[in-house]
Amino acid sequence: MESLTTGTIAGTGSFRCEICGYVITMTSGDVLPACPGCEGASFTRASLFSTSTRFTRVEPDEPGTDSLALIEAAREALEEPGRYLVFQDSGKVRTVPMPGTSMRIGRSLSAELRFEDPTVSRRHAVLLVEDDGVRLLDDRSLNGVFVNGVRVVSQTLTDGDEVVIGRYRLRFVDRTVTAASPAAGSLQGE
C-alpha cells in the first residue's frame with residue numbers, strides 16, 4: 001500500500017494513521033492534516049477489505065517517570081476495597097471507582113467515565129464484572145481500545161494493566177477482597 005504523509009494532496013476517501021490507526025475521511029482533494037490521535041504524519045488508504053485487524057499502538061511520546069510515579073502513588077493511597085481506574089488528566093491524577101457491575105466509558109452523557117476528547121468515541125468501551133474478573137469490551141469505537149499496547153476487542157483485566165482509550169492512559173487497579181486472599185493463606189499454614 002502506498003504511504004502518504006501530511007501535507008500531501010490526498011484526494012477523497014479514508015486514510016488510516018500508520019502509528020495509532022486513527023481514520024480520517026476526506027471529501028475533497030485536500031491536504032492531509034497531522035493525525036488527531038497521535039500527531040503522526042504517515043497515512044495509508046483505509047480499506048474495508050484490509051486483512052490486518054490487530055495493530056500495536058506506538059506512542060510518539062512515552063509518559064515521563066513523573067506521571068507514572070504520580071499514578072503509582074495514587075494507586076498505593078487507595079484504602080477502600082474495589083476496582084478503580086487511575087489516570088492523569090490535565091496535570092492531575094484522577095482515581096475513578098468502578099460503580100456496580102458495569103461501567104461505560106466514552107464521550108456520551110450516559111457514560112460513567114466521560115472524556116471530552118475527539119479521539120474518544122461516544123460509546124468507546126465497557127467494563128463488565130464477571131466471575132473470573134473484569135472484562136473490557138470495545139464498544140465499536142473508531143480508534144480502538146488497547147491493553148498493554150495491544151489492540152483488543154475483549155480482554156479480562158488484571159491488576160496493573162494499562163488501558164489506552166483515545167489519548168488517555170488508564171491503570172486498572174483491583175483492590176477487591178479476593179486480592180488480599182494470599183495473606184489469609186499464609187496464616188493457615190502457620
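Scope of the values below: all heavy atoms of this structure, side chains included, with no hydrogens, waters or symmetry mates.
Closest heavy-atom contact between Leu137 and Ser154: CD2-OG, 3.4 Å. The heavy-atom pair separating Arg169 from Val164 by the smallest distance is CG-CG2, 4.1 Å. Taking both residues in full, the closest heavy atoms of Asp161 and Leu157 are given as OD2-CA, 3.4 Å, listed atom of the first, atom of the second, then distance. Gly106 approaches Ala111 most closely through the heavy-atom pair N-CB, 3.7 Å. The minimum heavy-atom distance linking Ala125 with Leu136 is given by the pair CB-CD1, 4.0 Å.
A search for salt bridge (Lys or Arg N to Asp or Glu O under 4.0 Å) contacts involving Arg123 returns Asp139, not counting sequence neighbours. Contacts of Asp159 classified as side-chain contact (heavy atoms from CB on, under 4.5 Å), with partners at least two apart in sequence or in another chain: Arg75, Val173, Asp174. Take Glu79 and apply the salt bridge (Lys or Arg N to Asp or Glu O under 4.0 Å) test, not counting sequence neighbours, and it matches no residue. For Glu130, the salt bridge (Lys or Arg N to Asp or Glu O under 4.0 Å) partners at least two apart in sequence or on another chain are Arg135.
A donor-acceptor pair is defined here as one N or O able to donate and one able to accept, closer than 3.5 Å; no such pair exists between the side chain of Thr156 and the backbone of Gly133. Side chain of Arg122 to main chain of Ser108: no donor-acceptor pair is present (N/O by atom type, distance under 3.5 Å, no hydrogens or angles).
Taking hydrophobic clusters as Ile, Leu, Val, Met, Phe, Trp and Tyr residues chained together by side-chain heavy-atom distances below 4.5 Å, Val150 does not share a cluster with Val153. Leu128 and Phe172 sit in two unconnected hydrophobic clusters of ILVMFWY residues. Membership requires side-chain heavy atoms under 4.5 Å apart, directly or through other members.
Side-chain contact between His124 and Arg107 is absent, with no heavy atoms from C-beta onward closer than 4.5 Å. Put simply, the side chain of Phe146 does not reach to within 4.5 Å of the side chain of Val152, judged on heavy atoms. Side-chain contact between Leu170 and Leu113: present, with at least one pair of heavy atoms (C-beta onward) separated by less than 4.5 Å. Two residues are said to be in side-chain contact when any heavy atoms from C-beta on lie closer than 4.5 Å; Val129 and Arg83 meet this criterion. Considering only heavy atoms from C-beta on, Val163 comes within 4.5 Å of Val145 through its side chain.
Note on residues 71-98: pairs passing ring-ring contact (aromatic ring centres under 6.0 Å, His included), not counting sequence neighbours, are Phe87-Phe115.
Ion pairing between a basic and an acidic side chain is recognised when a charged N comes within 4.0 Å of a carboxylate O; Arg175 and Glu80 show no such pairing.
Taken to the nearest 0.5 Å, the CD1 atom of Ile105 stands 4.0 Å off from the CD1 atom of Ile165. In this structure, Asp89 CG and Arg167 CZ are separated by 12.5 Å, a value rounded to the nearest 0.5 Å.
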For residues 97-104, which side-chain N or O atoms pair as donor and acceptor with protein atoms under 3.5 Å away, sequence neighbours left out?
| from | atom 1 | to | atom 2 | distance (Å) |
| --- | --- | --- | --- | --- |
| Arg104 | NE | Ser110 | O | 3.4 |
| Arg104 | NE | Glu112 | OE1 | 3.4 |
| Arg104 | NH2 | Ser110 | O | 2.9 |
| Arg104 | NH2 | Glu112 | OE2 | 3.1 |

